[in-house]
Amino acid sequence: MSKLFILGPCAAETREQVITTAEQLNSQLSIYRAGIWKPRTSPNSFQGVGEAGLPWLQEVSETYSVPVATEVATPEHVKAALRACVQYIWIGARTAANPIAVQAIADALTSINSPTPLPLYSSTPKLPKAVLIKNPVNEDVNLWIGNIERLQATGIPVMAVHRGCNHKPCWEMAFELRRRMPNVPLLLDPSHMSGDAAQVPSLCQLAMDLDYDGLMMEVHCDPAHALSDAKQQLTPAQAIEVISHLHYRDNSIAAINAIDAIAAIDAIDRLPLAELRSEIDELDDNIWSLIAKRIAVAKQIGDYKREHNLPVLQAKRYDEILQRRLEWAKKNGVSADAVQSILETLHNECVSVQL
Ligand code: PEP
Ligand code: MN
C-alpha cells in the first residue's frame, strides 16, 4: 500500500527544531515539510523565518535522504525554494483563495519549466517533483479545481490537499473533487482540518478508509512550544504511532469482485456488494420520483399563493416541517445535520419553483 506521508512542523523555527524533528521522524518520512513563509492572520504572530530556513531544509534532505517541501505564496518564494532544491512545494489555503496569486505561481513554474529559463532565474532553480494545492479557505470546489488546472498547465505533477474549511471538514467538497478529477492524488491534512491534535489520529484513519492517497500532517519535536499551530501538532513519536497503526483497505476492482465471488460461493451471511448496490439503485429511483412529485406539488402551491397574493416564503410552515423532521431524525438515529441539509436543499428548490 503506497501512501504518501508528508510530515514535519507547521513552521521551521530554528535549525535545531527542524533537524531534531526530522531525526525523530526519520523512519516514517516520505517527504519532510516545514513552512518558512507563514501566511498568518495577524501581523503580530510569527511570520516564519523566511529564506534563512532554506539551508536547514537542505540539510534535512541531505542528511536523511528525504525530499523536502515548503509553502510558496509568490513567484519570489518559488524562485528561492527551487534554487535551494526544495523538491515539493505547496500552495496554502489562503493563497488558494486568490486565482491571480495561483496563476502567478504557475507562470513562475512554467518559466522554469521552459528550456530557456527567463532572465529572472539567473542561477538554476530545479523543477519540483510535484506541486501541491490545498483547498481554498472557503468551501469552493470550482476554485480548487480551477487552481489545479492552472498548475497542471505547467506540466509539473499536481496533488490536492484537503485541509477542511474553517475547521469544518467539508467532505462533500473533497468527494466532488475526486469525482471530477479522479486522477489527481488527494491527501488529507488532518492538522488544519481539526486544529486539534487529539482529533488527528482518527482523521488519519478516516482518510485511509476513504482511500486518500496520503497525509500531510504537522509534527513538531516540542508542540507545546511551537511558534504556530501549537494545539494541532503531534510529536514525532505520536505521529509514528498513528501511522504504524493505520489500517489500509484494498480498493482494487479485483478485491471487490472477490468479495462478491466468495459471498456467492460460500453463501455467507452477507449480500454480495453488487446486489446491495442494485438495492440502492432501486431505492434511489423511488426517492427521486418522490422528489419530483414533491416539487410538482410545490408548484401547485405556488400557483395558489400567486392567485391569493400570498408570499412565497412561509417561514413558520418551513420551521414546523424542519422541527418535525429533526424530531424524526432523533427517533430514527439519523444524523440531524444530514436531515437538515437535505431538507434545506429540497425546500430551496420548492421555493425557487414558486418564484
Ligand atoms: C500549513 O500547512 O502550514 C498551512 C499554513 O496550511 P493551510 O494553508 O492549510 O492553512
Ligand atoms: Mn500550520
Side-chain angles (χ1 to χ4, degrees), residues 4-13 17-18 21-22 25 30-43 45-50 53-54 56-57 68-74 77-78 81 86 88-99 101-102 105 128 130-141 143-144 147-148 151 158-170 173-174 177 186-197 199-200 203-204 207 212 214-235 239:
L4 201 59
F5 296 112
I6 306 179
L7 311 176
C10 174
E13 298 166 4
Q17 167 250 8
V18 169
T21 306
L25 271 173
S30 310
I31 299 172
Y32 186 74
R33 64 148 283 160
I36 58 175
W37 299 284
K38 299 302 299 174
R40 306 303 301 285
T41 306
S42 163
S45 53
F46 176 59
Q47 306 291 301
V49 294
L54 287 170
W56 308 337
L57 287 179
V68 289
T70 201
E71 175 169 349
V72 294
T74 67
H77 292 168
V78 172
V86 166
Y88 291 83
I89 53 176
W90 82 82
I91 297 176
R94 286 158 193 81
T95 309
N98 177 356
V102 174
I105 292 169
V131 47
L132 292 86
I133 172 89
K134 299 238 189 161
N135 66 266
V137 260
N138 292 319
E139 184 169 1
D140 186 343
V141 74
L143 185 53
W144 199 9
N147 286 341
I148 293 171
L151 295 166
V158 179
M159 298 191 244
V161 182
H162 176 204
R163 51 83 75 207
C165 314
N166 302 320
H167 294 172
K168 280 199 231 101
C170 300
M173 178 184 57
L177 178 75
L186 177 63
L187 312 186
L188 187 84
D189 173 345
S191 315
H192 292 92
M193 178 177 275
S194 64
D196 173 11
Q199 292 181 44
V200 164
L203 283 173
C204 292
Y212 277 59
L215 299 167
M216 182 194 253
M217 197 198 316
E218 288 191 340
V219 183
H220 191 291
C221 57
D222 184 8
H225 295 103
L227 299 181
S228 57
D229 288 346
K231 289 201 186 107
Q232 69 195 34
Q233 305 204 58
L234 263 50
T235 62

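Start at 1 and go down the list; that is how both ligands and their atoms are numbered.
- Of the possible polar contacts, none joining the Asn135 side chain to the Val141 backbone as a donor-acceptor pair under 3.5 Å is found.
- With rounding to the nearest 0.5 angstrom, the CG atom of Asp189 is 4.0 Å from the NZ atom of Lys134.
- Across Val86 and Thr70, no two heavy atoms sit closer than the pair CG1-N, 3.8 Å.
- The shortest non-hydrogen separation linking Trp144 to Leu186 is CH2-CD1, 4.0 Å.
- Heavy-atom minimum distance, Glu71 versus Thr95: OE2-OG1, 4.5 Å.
- Screening the protein for N, O or S atoms under 2.8 Å from the Mn ion (ligand 2) yields 4; no waters enter the count.
- Of all protein heavy atoms, the one lying nearest to atom 8 (O) of ligand 1 is Ala93 N, 2.7 Å.
- A donor-acceptor pair under 3.5 Å is absent between the side-chain atoms of Gln232 and the main chain of Ala230, judged by distance alone.
- Of the protein's non-hydrogen atoms, the one nearest atom 6 (O) of ligand 1 is Lys134 NZ, 2.9 Å.
- Which parts of ligand 1 touch Lys38 is read off a 4.0 Å heavy-atom cut-off, strictly below it: atoms 1 (C), 3 (O), 5 (C).
- Heavy atoms only, all atoms of each residue included: Leu57 and Ala69 are closest at CD1-O, 4.4 Å.
- Geometrically, ligand 1 and Gly92 share no nitrogen or oxygen pair separated by less than 3.5 Å.
- Residue Tyr32 comes nearest to Pro9 through the heavy atom pair OH-CD, 3.3 Å, listed as atom of the first residue, atom of the second, then distance.
- If you check which protein heavy atom lies closest to atom 1 (C) of ligand 1, you get His192 CE1, 3.2 Å.
- Ranking the protein heavy atoms by distance from atom 5 (C) of ligand 1 puts Glu71 OE1, 3.5 Å first.
- The closest protein non-hydrogen atom to atom 9 (O) of ligand 1 is Arg163 NE, 2.6 Å.
- In terms of modelled atom types and a separation under 3.5 Å, the side chain of Gln233 and the main chain of Met217 share no donor-acceptor contact.
- Remark: Arg33 pairs with Glu218 by the salt bridge (charged side-chain N to carboxylate O under 4.0 Å, His left out) rule, at least two apart or across chains.
- Below 3.5 Å of separation, one finds an N or O of Arg33 facing an N or O of ligand 1.
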